[in-house]
Engineer: 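Before anything else, here's the structure in question.
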Amino acid sequence: MNRKALTRTESILAVLLVVAIVAGAVGWTQPGQRTVETVTTTVTVGGSAQTITITRVVTSTVTVERPISPGTIKIAVVSDIGGRGDLSFNDMAFKGGDEAEKDLGVQMVELISKTEADYVPNLETAARDPDVKLIVGVGFLLSEALLEVAAKYPDKNFAGIDTFTQALAVQKTGKPLPNMLDIVYEEHKGSAMVGALGCLLAAYYNEQGGNYPYIGGVFGIEIPVLWKFEIGYKWGCDWGLKWYEQRFGRRAPLIGEDGRYGSGPNWENGLYCPQAGQCWYKGRVLWTYTGTFSDITKGYAAAKSMYEQQAIAVYNIAGPLGLGINQAVQEIATEKKLKSGPPYWIGVDANQDWINPGFVIASMMKRVDRGVYYAALLTVIGKFKEVVADTNGVLVLGIGTKVGNLSMEGISVSTLADLDEFIKMGVDAEKLTGKKVLPMSPEEIRQKVTEMRQNLPTWIWDGLTELESKIRSGQAQVPMVLTKEEVDRWRELLG
(Lines give C-alpha, C1' and ligand atoms only; values in the text may rest on other atoms or scores of the structure.)
Protein backbone atom coordinates (compact mmCIF):
# COMPACT_ATOMS: atom_id res chain seq x y z
CA MET A 1 0.00 0.00 0.00
CA ASN A 2 1.29 3.44 -0.87
CA ARG A 3 1.94 5.81 1.98
CA LYS A 4 0.95 9.34 1.00
CA ALA A 5 4.05 11.54 0.83
CA LEU A 6 3.93 14.91 2.53
CA THR A 7 3.73 17.91 0.27
CA ARG A 8 6.56 20.43 0.44
CA THR A 9 4.42 22.86 2.45
CA GLU A 10 3.37 20.13 4.85
CA SER A 11 6.98 19.10 5.27
CA ILE A 12 8.13 22.61 6.12
CA LEU A 13 5.30 22.87 8.62
CA ALA A 14 6.26 19.52 10.10
CA VAL A 15 9.84 20.61 10.63
CA LEU A 16 8.75 23.85 12.22
CA LEU A 17 6.72 21.75 14.59
CA VAL A 18 9.77 19.64 15.27
CA VAL A 19 11.79 22.76 15.98
CA ALA A 20 9.14 23.66 18.51
CA ILE A 21 9.91 20.32 20.18
CA VAL A 22 6.60 18.72 19.57
CA ALA A 23 8.00 16.08 17.21
CA GLY A 24 7.01 13.26 19.51
CA ALA A 25 3.37 13.97 18.83
CA VAL A 26 3.36 14.40 15.06
CA GLY A 27 4.03 12.28 11.96
CA TRP A 28 7.16 13.35 10.14
CA THR A 29 8.83 12.45 6.87
CA GLN A 30 12.34 13.57 6.05
CA PRO A 31 14.08 13.57 2.65
CA GLY A 32 14.75 10.18 1.12
CA GLN A 33 12.59 8.21 3.52
CA ARG A 34 11.83 4.76 2.20
CA THR A 35 8.37 3.27 2.15
CA VAL A 36 7.26 -0.22 1.22
CA GLU A 37 4.64 -1.15 -1.35
CA THR A 38 3.06 -4.61 -1.40
CA VAL A 39 1.61 -6.04 -4.62
CA THR A 40 -0.19 -9.37 -4.94
CA THR A 41 -0.16 -11.06 -8.33
CA THR A 42 -0.66 -14.47 -9.93
CA VAL A 43 2.13 -16.25 -11.79
CA THR A 44 2.55 -19.69 -13.33
CA VAL A 45 5.16 -21.82 -11.62
CA GLY A 46 5.80 -25.38 -12.71
CA GLY A 47 2.64 -25.42 -14.84
CA SER A 48 0.29 -24.28 -12.07
CA ALA A 49 -0.94 -20.84 -11.13
CA GLN A 50 0.24 -19.52 -7.78
CA THR A 51 -0.45 -16.28 -5.98
CA ILE A 52 2.62 -14.52 -4.71
CA THR A 53 3.23 -11.30 -2.88
CA ILE A 54 5.89 -8.90 -4.10
CA THR A 55 7.18 -6.09 -1.97
CA ARG A 56 9.20 -3.19 -3.19
CA VAL A 57 10.80 -0.23 -1.52
CA VAL A 58 10.04 3.26 -2.79
CA THR A 59 12.18 6.25 -1.95
CA SER A 60 10.24 9.45 -1.49
CA THR A 61 11.44 12.78 -2.88
CA VAL A 62 10.16 15.00 -0.11
CA THR A 63 12.55 17.90 0.50
CA VAL A 64 12.60 19.97 3.64
CA GLU A 65 14.08 23.42 3.13
CA ARG A 66 15.47 25.96 5.57
CA PRO A 67 13.40 25.61 8.76
CA ILE A 68 15.67 28.24 10.31
CA SER A 69 17.49 31.27 9.00
CA PRO A 70 20.57 30.39 6.92
CA GLY A 71 23.77 30.51 8.94
CA THR A 72 22.03 30.56 12.33
CA ILE A 73 23.79 27.34 13.30
CA LYS A 74 27.21 26.20 12.17
CA ILE A 75 28.31 22.59 12.05
CA ALA A 76 31.95 21.57 11.61
CA VAL A 77 33.10 18.44 9.81
CA VAL A 78 36.64 17.36 10.64
CA SER A 79 37.91 14.96 8.01
CA ASP A 80 40.13 11.96 8.40
CA ILE A 81 43.48 12.24 6.65
CA GLY A 82 42.90 13.82 3.25
CA GLY A 83 39.67 15.63 2.60
CA ARG A 84 37.32 15.98 -0.30
CA GLY A 85 38.12 13.91 -3.33
CA ASP A 86 38.65 10.51 -1.66
CA LEU A 87 35.29 9.25 -3.04
CA SER A 88 34.84 7.46 0.27
CA PHE A 89 34.36 8.38 3.92
CA ASN A 90 35.38 12.03 3.72
CA ASP A 91 33.40 12.79 0.58
CA MET A 92 30.37 11.05 2.04
CA ALA A 93 30.64 13.04 5.27
CA PHE A 94 30.89 16.35 3.43
CA LYS A 95 27.97 15.28 1.24
CA GLY A 96 25.89 14.91 4.40
CA GLY A 97 26.99 18.36 5.49
CA ASP A 98 26.11 19.81 2.09
CA GLU A 99 22.63 18.30 2.35
CA ALA A 100 22.21 19.65 5.89
CA GLU A 101 23.08 23.11 4.57
CA LYS A 102 20.48 22.77 1.84
CA ASP A 103 17.70 21.23 3.91
CA LEU A 104 18.24 22.56 7.42
CA GLY A 105 19.77 25.96 6.81
CA VAL A 106 22.95 25.28 8.78
CA GLN A 107 26.38 26.44 7.64
CA MET A 108 29.14 23.85 7.34
CA VAL A 109 32.74 24.53 8.28
CA GLU A 110 35.26 22.11 6.73
CA LEU A 111 38.46 21.23 8.57
CA ILE A 112 40.82 18.95 6.67
CA SER A 113 43.25 16.69 8.53
CA LYS A 114 46.56 16.18 6.73
CA THR A 115 47.99 13.92 9.44
CA GLU A 116 46.68 12.27 12.61
CA ALA A 117 48.37 15.07 14.56
CA ASP A 118 45.78 17.45 13.09
CA TYR A 119 42.79 15.74 14.73
CA VAL A 120 42.84 17.47 18.12
CA PRO A 121 43.82 20.94 16.78
CA ASN A 122 41.07 20.77 14.16
CA LEU A 123 38.44 19.67 16.68
CA GLU A 124 39.52 22.45 19.08
CA THR A 125 39.45 25.08 16.34
CA ALA A 126 35.86 24.14 15.61
CA ALA A 127 34.85 24.01 19.28
CA ARG A 128 36.23 27.50 19.96
CA ASP A 129 33.97 29.04 17.30
CA PRO A 130 30.96 30.32 19.29
CA ASP A 131 28.59 29.72 16.34
CA VAL A 132 29.57 26.09 15.87
CA LYS A 133 27.08 23.90 17.75
CA LEU A 134 28.05 20.50 16.35
CA ILE A 135 31.48 19.03 15.55
CA VAL A 136 31.62 15.77 13.57
CA GLY A 137 34.79 13.65 13.41
CA VAL A 138 34.98 11.30 10.43
CA GLY A 139 36.39 7.82 11.01
CA PHE A 140 37.31 5.64 13.98
CA LEU A 141 40.84 7.07 14.14
CA LEU A 142 39.36 10.24 15.63
CA SER A 143 37.88 8.38 18.64
CA GLU A 144 40.50 9.41 21.20
CA ALA A 145 40.77 12.97 19.90
CA LEU A 146 36.98 13.35 20.20
CA LEU A 147 37.11 12.13 23.80
CA GLU A 148 39.75 14.71 24.68
CA VAL A 149 38.02 17.67 23.06
CA ALA A 150 34.38 16.74 23.84
CA ALA A 151 35.22 16.50 27.55
CA LYS A 152 36.77 19.96 27.37
CA TYR A 153 33.77 21.62 25.68
CA PRO A 154 30.61 20.23 27.37
CA ASP A 155 28.39 22.95 25.88
CA LYS A 156 29.06 21.75 22.31
CA ASN A 157 27.65 18.67 20.57
CA PHE A 158 30.14 16.14 19.21
CA ALA A 159 29.54 13.19 16.88
CA GLY A 160 31.88 10.61 15.41
CA ILE A 161 31.40 8.35 12.40
CA ASP A 162 32.39 4.76 13.22
CA THR A 163 34.00 5.99 16.44
CA PHE A 164 34.16 4.28 19.84
CA THR A 165 34.62 7.39 21.94
CA GLN A 166 31.94 6.51 24.48
CA ALA A 167 33.52 3.13 25.17
CA LEU A 168 36.77 4.96 25.87
CA ALA A 169 34.91 7.42 28.11
CA VAL A 170 33.33 4.64 30.13
CA GLN A 171 36.68 2.89 30.39
CA LYS A 172 38.41 6.02 31.70
CA THR A 173 35.70 7.75 33.73
CA GLY A 174 33.06 5.09 34.36
CA LYS A 175 30.33 6.92 32.42
CA PRO A 176 29.58 8.15 28.87
CA LEU A 177 29.94 11.78 27.85
CA PRO A 178 26.57 13.64 27.75
CA ASN A 179 27.50 15.59 24.61
CA MET A 180 29.03 12.85 22.43
CA LEU A 181 27.32 10.57 19.91
CA ASP A 182 29.16 7.67 18.31
CA ILE A 183 27.38 6.89 15.03
CA VAL A 184 27.80 3.28 13.91
CA TYR A 185 26.05 1.04 11.39
CA GLU A 186 24.33 -2.32 11.03
CA GLU A 187 26.76 -3.65 8.45
CA HIS A 188 25.55 -7.22 9.03
CA LYS A 189 22.16 -6.36 7.52
CA GLY A 190 23.63 -4.78 4.40
CA SER A 191 26.02 -7.69 4.05
CA ALA A 192 23.08 -10.09 4.22
CA MET A 193 21.47 -8.19 1.34
CA VAL A 194 24.49 -8.52 -0.95
CA GLY A 195 25.04 -12.13 0.18
CA ALA A 196 21.51 -12.92 -1.00
CA LEU A 197 22.19 -11.06 -4.24
CA GLY A 198 25.36 -13.06 -4.87
CA CYS A 199 23.74 -16.45 -4.39
CA LEU A 200 20.67 -15.51 -6.43
CA LEU A 201 23.06 -14.52 -9.23
CA ALA A 202 24.71 -17.94 -8.97
CA ALA A 203 21.32 -19.65 -9.10
CA TYR A 204 20.33 -17.69 -12.22
CA TYR A 205 23.52 -18.21 -14.18
CA ASN A 206 23.66 -21.88 -13.25
CA GLU A 207 20.16 -22.24 -14.66
CA GLN A 208 21.57 -20.88 -17.92
CA GLY A 209 24.22 -23.61 -17.98
CA GLY A 210 26.91 -21.86 -15.96
CA ASN A 211 29.10 -23.35 -13.29
CA TYR A 212 29.19 -20.91 -10.39
CA PRO A 213 28.97 -22.89 -7.15
CA TYR A 214 30.34 -20.13 -4.88
CA ILE A 215 30.38 -16.50 -3.95
CA GLY A 216 33.46 -14.99 -2.37
CA GLY A 217 34.45 -12.46 0.27
CA VAL A 218 37.84 -10.76 0.71
CA PHE A 219 38.22 -9.41 4.25
CA GLY A 220 40.90 -7.23 5.80
CA ILE A 221 42.19 -7.63 9.34
CA GLU A 222 40.15 -10.06 11.44
CA ILE A 223 38.49 -7.81 14.01
CA PRO A 224 35.02 -8.16 15.56
CA VAL A 225 33.37 -5.57 13.33
CA LEU A 226 34.30 -7.66 10.28
CA TRP A 227 32.65 -10.71 11.80
CA LYS A 228 29.41 -8.77 11.35
CA PHE A 229 30.15 -8.53 7.62
CA GLU A 230 31.27 -12.15 7.31
CA ILE A 231 28.35 -13.87 9.02
CA GLY A 232 25.80 -11.44 7.58
CA TYR A 233 27.08 -12.21 4.08
CA LYS A 234 26.96 -15.98 4.58
CA TRP A 235 23.53 -15.79 6.23
CA GLY A 236 22.26 -13.74 3.28
CA CYS A 237 23.43 -16.40 0.83
CA ASP A 238 21.53 -19.04 2.78
CA TRP A 239 18.42 -16.83 2.86
CA GLY A 240 18.65 -16.20 -0.88
CA LEU A 241 18.87 -19.87 -1.83
CA LYS A 242 15.98 -20.78 0.45
CA TRP A 243 13.96 -17.92 -1.07
CA TYR A 244 14.74 -19.35 -4.53
CA GLU A 245 13.41 -22.76 -3.48
CA GLN A 246 10.20 -21.21 -2.17
CA ARG A 247 9.73 -18.96 -5.19
CA PHE A 248 10.23 -21.62 -7.86
CA GLY A 249 9.51 -24.83 -5.98
CA ARG A 250 12.83 -26.44 -6.87
CA ARG A 251 16.48 -26.45 -5.97
CA ALA A 252 18.82 -24.30 -8.01
CA PRO A 253 21.33 -26.19 -10.19
CA LEU A 254 24.69 -26.96 -8.59
CA ILE A 255 23.81 -25.70 -5.14
CA GLY A 256 22.71 -28.96 -3.59
CA GLU A 257 25.51 -31.46 -4.15
CA ASP A 258 26.73 -33.21 -0.99
CA GLY A 259 30.01 -34.16 -2.57
CA ARG A 260 31.04 -30.59 -3.32
CA TYR A 261 30.13 -28.97 -0.04
CA GLY A 262 30.32 -31.74 2.56
CA SER A 263 29.06 -35.13 3.57
CA GLY A 264 28.44 -37.14 6.72
CA PRO A 265 25.72 -37.88 9.21
CA ASN A 266 24.53 -34.26 9.42
CA TRP A 267 24.23 -33.75 5.64
CA GLU A 268 20.84 -34.21 4.02
CA ASN A 269 20.19 -33.62 0.33
CA GLY A 270 22.99 -31.12 -0.01
CA LEU A 271 22.30 -29.12 3.17
CA TYR A 272 23.99 -29.21 6.56
CA CYS A 273 21.35 -30.19 9.14
CA PRO A 274 22.88 -30.45 12.63
CA GLN A 275 19.44 -30.32 14.26
CA ALA A 276 16.10 -31.66 13.14
CA GLY A 277 14.29 -29.05 11.08
CA GLN A 278 17.30 -26.72 10.89
CA CYS A 279 19.24 -27.00 7.65
CA TRP A 280 21.79 -24.59 6.22
CA TYR A 281 23.44 -24.00 2.87
CA LYS A 282 26.93 -24.51 4.25
CA GLY A 283 30.13 -23.89 2.34
CA ARG A 284 28.77 -21.71 -0.47
CA VAL A 285 31.00 -18.76 0.49
CA LEU A 286 34.74 -18.70 -0.12
CA TRP A 287 36.31 -16.30 2.36
CA THR A 288 39.75 -15.01 3.30
CA TYR A 289 41.07 -12.60 5.91
CA THR A 290 44.09 -11.00 4.28
CA GLY A 291 45.40 -9.46 7.51
CA THR A 292 45.68 -6.05 5.88
CA PHE A 293 43.57 -3.13 4.72
CA SER A 294 46.28 -1.65 2.52
CA ASP A 295 48.11 -4.40 0.62
CA ILE A 296 46.22 -4.42 -2.66
CA THR A 297 48.34 -7.32 -3.95
CA LYS A 298 46.90 -9.55 -1.24
CA GLY A 299 43.39 -8.56 -2.26
CA TYR A 300 44.20 -9.48 -5.83
CA ALA A 301 45.66 -12.88 -4.86
CA ALA A 302 42.69 -13.77 -2.64
CA ALA A 303 40.13 -12.80 -5.28
CA LYS A 304 42.05 -14.48 -8.09
CA SER A 305 41.89 -17.80 -6.23
CA MET A 306 38.15 -17.40 -5.66
CA TYR A 307 37.42 -16.64 -9.30
CA GLU A 308 39.52 -19.66 -10.33
CA GLN A 309 37.15 -21.76 -8.18
CA GLN A 310 34.23 -20.22 -10.13
CA ALA A 311 32.96 -17.73 -7.57
CA ILE A 312 30.41 -15.65 -9.43
CA ALA A 313 30.98 -12.53 -7.32
CA VAL A 314 33.47 -11.46 -4.65
CA TYR A 315 32.53 -9.01 -1.87
CA ASN A 316 35.11 -6.37 -0.97
CA ILE A 317 35.30 -6.01 2.82
CA ALA A 318 38.84 -4.73 2.87
CA GLY A 319 38.80 -1.10 1.72
CA PRO A 320 41.45 -0.40 -0.93
CA LEU A 321 41.92 -4.14 -1.49
CA GLY A 322 38.86 -3.83 -3.69
CA LEU A 323 41.22 -2.49 -6.33
CA GLY A 324 42.96 -5.88 -6.24
CA ILE A 325 39.62 -7.62 -6.64
CA ASN A 326 38.88 -5.39 -9.59
CA GLN A 327 42.25 -6.23 -11.14
CA ALA A 328 41.46 -9.94 -10.89
CA VAL A 329 38.08 -9.41 -12.56
CA GLN A 330 39.55 -7.23 -15.27
CA GLU A 331 42.13 -9.85 -16.18
CA ILE A 332 39.36 -12.38 -16.74
CA ALA A 333 37.31 -9.85 -18.70
CA THR A 334 40.26 -9.01 -20.94
CA GLU A 335 41.20 -12.64 -21.49
CA LYS A 336 37.62 -13.63 -22.38
CA LYS A 337 36.79 -10.32 -24.09
CA LEU A 338 33.83 -9.75 -21.79
CA LYS A 339 31.90 -6.49 -21.81
CA SER A 340 30.01 -7.33 -18.63
CA GLY A 341 30.00 -9.91 -15.85
CA PRO A 342 29.99 -12.59 -14.72
CA PRO A 343 32.32 -12.58 -12.96
CA TYR A 344 31.28 -9.67 -10.76
CA TRP A 345 32.46 -8.05 -7.60
CA ILE A 346 30.51 -6.28 -4.87
CA GLY A 347 31.47 -2.87 -3.50
CA VAL A 348 31.39 -1.73 0.11
CA ASP A 349 30.70 1.41 2.19
CA ALA A 350 30.38 3.89 -0.70
CA ASN A 351 28.85 3.29 -4.14
CA GLN A 352 31.71 1.60 -6.03
CA ASP A 353 29.65 0.55 -9.05
CA TRP A 354 31.35 3.20 -11.20
CA ILE A 355 34.87 1.78 -10.74
CA ASN A 356 34.38 -0.91 -13.40
CA PRO A 357 30.89 -0.49 -14.90
CA GLY A 358 29.35 -3.80 -15.89
CA PHE A 359 31.44 -5.82 -13.45
CA VAL A 360 30.45 -4.33 -10.06
CA ILE A 361 27.01 -5.78 -9.58
CA ALA A 362 26.14 -3.53 -6.59
CA SER A 363 27.60 -2.01 -3.43
CA MET A 364 26.66 -2.37 0.22
CA MET A 365 26.35 1.27 1.22
CA LYS A 366 27.03 2.55 4.70
CA ARG A 367 25.51 6.01 4.63
CA VAL A 368 28.12 8.19 6.28
CA ASP A 369 26.34 11.16 4.70
CA ARG A 370 23.13 10.30 6.52
CA GLY A 371 25.01 10.01 9.81
CA VAL A 372 26.30 13.58 9.50
CA TYR A 373 22.89 14.76 8.36
CA TYR A 374 21.05 13.16 11.29
CA ALA A 375 23.54 14.62 13.80
CA ALA A 376 22.90 18.06 12.30
CA LEU A 377 19.14 17.48 12.37
CA LEU A 378 19.18 16.47 16.05
CA THR A 379 21.20 19.59 16.83
CA VAL A 380 18.79 21.84 14.93
CA ILE A 381 15.72 20.43 16.66
CA GLY A 382 17.36 20.45 20.07
CA LYS A 383 17.20 16.69 20.55
CA PHE A 384 20.91 15.85 20.37
CA LYS A 385 21.67 15.39 24.07
CA GLU A 386 18.33 13.69 24.64
CA VAL A 387 19.26 11.06 22.04
CA VAL A 388 22.72 10.73 23.62
CA ALA A 389 21.06 9.99 26.95
CA ASP A 390 18.54 7.56 25.43
CA THR A 391 21.20 5.60 23.51
CA ASN A 392 24.10 5.79 25.98
CA GLY A 393 25.82 7.84 23.33
CA VAL A 394 25.83 5.25 20.57
CA LEU A 395 23.42 5.73 17.63
CA VAL A 396 23.14 2.63 15.46
CA LEU A 397 21.91 3.29 11.91
CA GLY A 398 20.64 0.42 9.80
CA ILE A 399 17.62 -0.73 7.82
CA GLY A 400 14.35 0.43 9.35
CA THR A 401 16.07 2.34 12.16
CA LYS A 402 13.84 4.76 14.05
CA VAL A 403 14.77 7.27 16.73
CA GLY A 404 11.56 8.26 18.42
CA ASN A 405 9.27 8.56 15.43
CA LEU A 406 12.05 9.75 13.12
CA SER A 407 13.22 7.31 10.46
CA MET A 408 17.04 7.18 10.39
CA GLU A 409 18.16 4.79 7.68
CA GLY A 410 21.89 4.15 7.36
CA ILE A 411 22.32 0.97 5.31
CA SER A 412 21.26 0.19 1.75
CA VAL A 413 22.25 -1.58 -1.45
CA SER A 414 23.29 0.81 -4.22
CA THR A 415 20.74 1.99 -6.77
CA LEU A 416 21.04 3.82 -10.08
CA ALA A 417 20.12 7.04 -8.26
CA ASP A 418 23.08 6.47 -5.93
CA LEU A 419 25.28 5.96 -8.98
CA ASP A 420 24.36 9.40 -10.31
CA GLU A 421 25.40 10.98 -7.00
CA PHE A 422 28.78 9.29 -7.07
CA ILE A 423 29.41 10.09 -10.71
CA LYS A 424 28.87 13.73 -9.81
CA MET A 425 31.25 13.25 -6.88
CA GLY A 426 33.82 11.82 -9.29
CA VAL A 427 33.40 14.75 -11.66
CA ASP A 428 33.90 17.15 -8.74
CA ALA A 429 36.97 15.20 -7.61
CA GLU A 430 38.49 15.50 -11.09
CA LYS A 431 37.98 19.27 -10.97
CA LEU A 432 39.46 19.43 -7.47
CA THR A 433 42.52 17.26 -8.04
CA GLY A 434 43.11 17.77 -11.75
CA LYS A 435 43.45 14.01 -12.07
CA LYS A 436 41.37 11.52 -14.03
CA VAL A 437 39.05 9.68 -11.63
CA LEU A 438 36.19 8.20 -13.64
CA PRO A 439 37.09 5.30 -15.95
CA MET A 440 34.91 6.63 -18.78
CA SER A 441 32.39 9.38 -19.43
CA PRO A 442 29.45 9.72 -17.01
CA GLU A 443 27.03 8.79 -19.83
CA GLU A 444 28.94 5.58 -20.60
CA ILE A 445 29.06 4.62 -16.92
CA ARG A 446 25.30 5.06 -16.54
CA GLN A 447 24.60 3.11 -19.72
CA LYS A 448 26.82 0.15 -18.79
CA VAL A 449 25.54 -0.16 -15.23
CA THR A 450 21.93 0.18 -16.36
CA GLU A 451 22.35 -2.48 -19.06
CA MET A 452 24.05 -4.84 -16.61
CA ARG A 453 21.16 -4.61 -14.17
CA GLN A 454 18.46 -4.78 -16.83
CA ASN A 455 20.00 -7.93 -18.31
CA LEU A 456 19.22 -9.78 -15.09
CA PRO A 457 15.75 -11.23 -14.46
CA THR A 458 13.50 -9.11 -12.28
CA TRP A 459 13.03 -11.94 -9.77
CA ILE A 460 16.58 -11.43 -8.51
CA TRP A 461 15.74 -7.85 -7.55
CA ASP A 462 12.36 -9.02 -6.19
CA GLY A 463 14.19 -11.36 -3.83
CA LEU A 464 16.47 -8.58 -2.67
CA THR A 465 13.54 -6.25 -2.10
CA GLU A 466 11.67 -8.88 -0.13
CA LEU A 467 14.65 -9.48 2.14
CA GLU A 468 15.00 -5.75 2.78
CA SER A 469 11.31 -5.52 3.57
CA LYS A 470 11.51 -8.43 6.02
CA ILE A 471 14.59 -7.00 7.72
CA ARG A 472 12.79 -3.69 8.00
CA SER A 473 9.70 -5.27 9.55
CA GLY A 474 11.67 -7.58 11.84
CA GLN A 475 10.46 -10.75 10.09
CA ALA A 476 14.05 -11.53 9.10
CA GLN A 477 16.62 -11.42 11.90
CA VAL A 478 20.18 -11.20 10.58
CA PRO A 479 22.66 -12.46 13.20
CA MET A 480 24.95 -9.74 14.54
CA VAL A 481 28.13 -11.53 15.55
CA LEU A 482 30.73 -9.74 17.67
CA THR A 483 32.33 -12.49 19.78
CA LYS A 484 34.71 -15.33 18.99
CA GLU A 485 32.28 -17.83 20.46
CA GLU A 486 29.46 -16.66 18.21
CA VAL A 487 31.52 -16.46 15.04
CA ASP A 488 32.76 -20.02 15.63
CA ARG A 489 29.18 -21.22 16.08
CA TRP A 490 28.01 -19.59 12.86
CA ARG A 491 31.03 -20.84 10.94
CA GLU A 492 30.07 -24.36 12.01
CA LEU A 493 26.60 -23.81 10.51
CA LEU A 494 27.48 -21.85 7.37
CA GLY A 495 31.12 -22.67 6.71
Engineer: Between the side chains of E486 and R489, is the shortest nitrogen-to-carboxylate-oxygen separation below 4.0 Å, so that they form an ion pair?
Structural biologist: yes
Engineer: Would you say the side-chain atoms of N316 and W345 include a donor-acceptor pair closer than 3.5 Å?
Structural biologist: no
Engineer: Rounded to the nearest 0.5 Å, what separation is found between the CD1 atom of I215 and the CG atom of L197?
Structural biologist: 9.0 Å
Engineer: Is the NZ or CZ atom of R367 both under 6.0 Å from the centre of the six-membered ring of Y185 and within 45° of that ring's axis?
Structural biologist: no
Engineer: Pairing donors with acceptors under 3.5 angstrom, does anything connect the side chains of Q475 and S473?
Structural biologist: yes
Engineer: So, D353 and R453, do they make that salt bridge, N to O below 4.0 Å?
Structural biologist: yes
Engineer: Assess whether a salt bridge exists between R370 and E99, defined as any Lys/Arg side-chain N lying under 4.0 Å from an Asp/Glu carboxylate O.
Structural biologist: yes
Engineer: Does any donor atom in the side chain of N351 or E421 lie under 3.5 Å from an acceptor atom in the other side chain?
Structural biologist: no
Engineer: With side-chain contact (heavy atoms from CB on, under 4.5 Å) as the test, would you mind laying out the steps for H188 and I471 before giving the verdict?
Structural biologist: CA-CA 11 Å; H188 57 299; I471 291 174; over 6 Å; no
Engineer: With rounding to the nearest 0.5 Å, note down the distance linking CE in M452 to CD in Q454.
Structural biologist: 10.5 Å
Engineer: Among D488, V487, L493, which residue satisfies the side chain to side chain contact (heavy atoms under 4.5 Å, CB included) criterion with W490?
Structural biologist: L493
Engineer: As an exercise, state the distance from CZ of F94 to OG of S79, rounded to the nearest 0.5 Å.
Structural biologist: 5.0 Å
Engineer: Is it true that E331 and Y307 share a donor-acceptor pair across their side chains at a distance under 3.5 Å?
Structural biologist: no
Engineer: May I ask you to say whether D390 pairs ionically with K383, meaning some side-chain N is under 4.0 Å from a carboxylate O?
Structural biologist: no
Engineer: Measure up the W267 and Y272 rings against each other and bin them: parallel (under 30°), tilted (30 to 60°), perpendicular (over 60°).
Structural biologist: tilted
Engineer: Side-chain contact test, heavy atoms from C-beta onward, threshold under 4.5 Å: evaluate it for R250 versus Y244 and give yes or no.
Structural biologist: yes
Engineer: Should the heavy atoms of other residues, nucleotides or ligands under 6.0 Å from NZ of K336 be counted, would the total exceed 12?
Structural biologist: no
Engineer: About how many Å separate CD of E409 and CD1 of I399, when rounded to the nearest 0.5 Å?
Structural biologist: 7.5 Å
Engineer: Measure the acute angle between the ring planes of F219 and W287, then classify it against the limits of 30° and 60° as parallel, tilted or perpendicular.
Structural biologist: perpendicular
Engineer: Can you tell me how the ring of F229 sits relative to the ring of Y315, calling it parallel under 30°, perpendicular over 60° and tilted otherwise?
Structural biologist: tilted
Engineer: Please check if atom CD in Q208 has more than 12 non-hydrogen atoms from other residues, nucleotides or ligands closer than 6.0 Å.
Structural biologist: yes
Engineer: Less than 4.0 angstrom from a charged side-chain N to a carboxylate O is my criterion; do K234 and D238 meet it?
Structural biologist: no
Engineer: Please round to the nearest 0.5 Å and tell me the distance separating atom CZ of F293 and atom CD1 of I221.
Structural biologist: 5.0 Å
Engineer: About how many Å separate CG of L146 and OG1 of T163, when rounded to the nearest 0.5 Å?
Structural biologist: 6.0 Å
Engineer: If we ignore angles and hydrogens, is there a donor and acceptor under 3.5 Å between the side chains of S441 and E444?
Structural biologist: yes
Engineer: Identify whether NZ of Lys or CZ of Arg in K189 sits under 6.0 Å from the centre of the six-membered ring of W235 and within 45° of that ring's axis.
Structural biologist: no
Engineer: Would you please test L378 and M408 for side-chain contact (heavy atoms from CB on, under 4.5 Å) and show each step?
Structural biologist: CA-CA 11 Å; L378 292 172; M408 291 194 174; 3.8 Å; yes
Engineer: In terms of the angle between their ring planes, are W459 and F248 parallel, tilted or perpendicular, with boundaries placed at 30° and 60°?
Structural biologist: perpendicular
Engineer: Does a donor on one side chain sit under 3.5 Å from an acceptor on the other, for D462 and T465?
Structural biologist: no
Engineer: Are more than 12 heavy atoms from other residues, nucleotides or ligands located less than 6.0 Å from atom CZ of F140?
Structural biologist: no
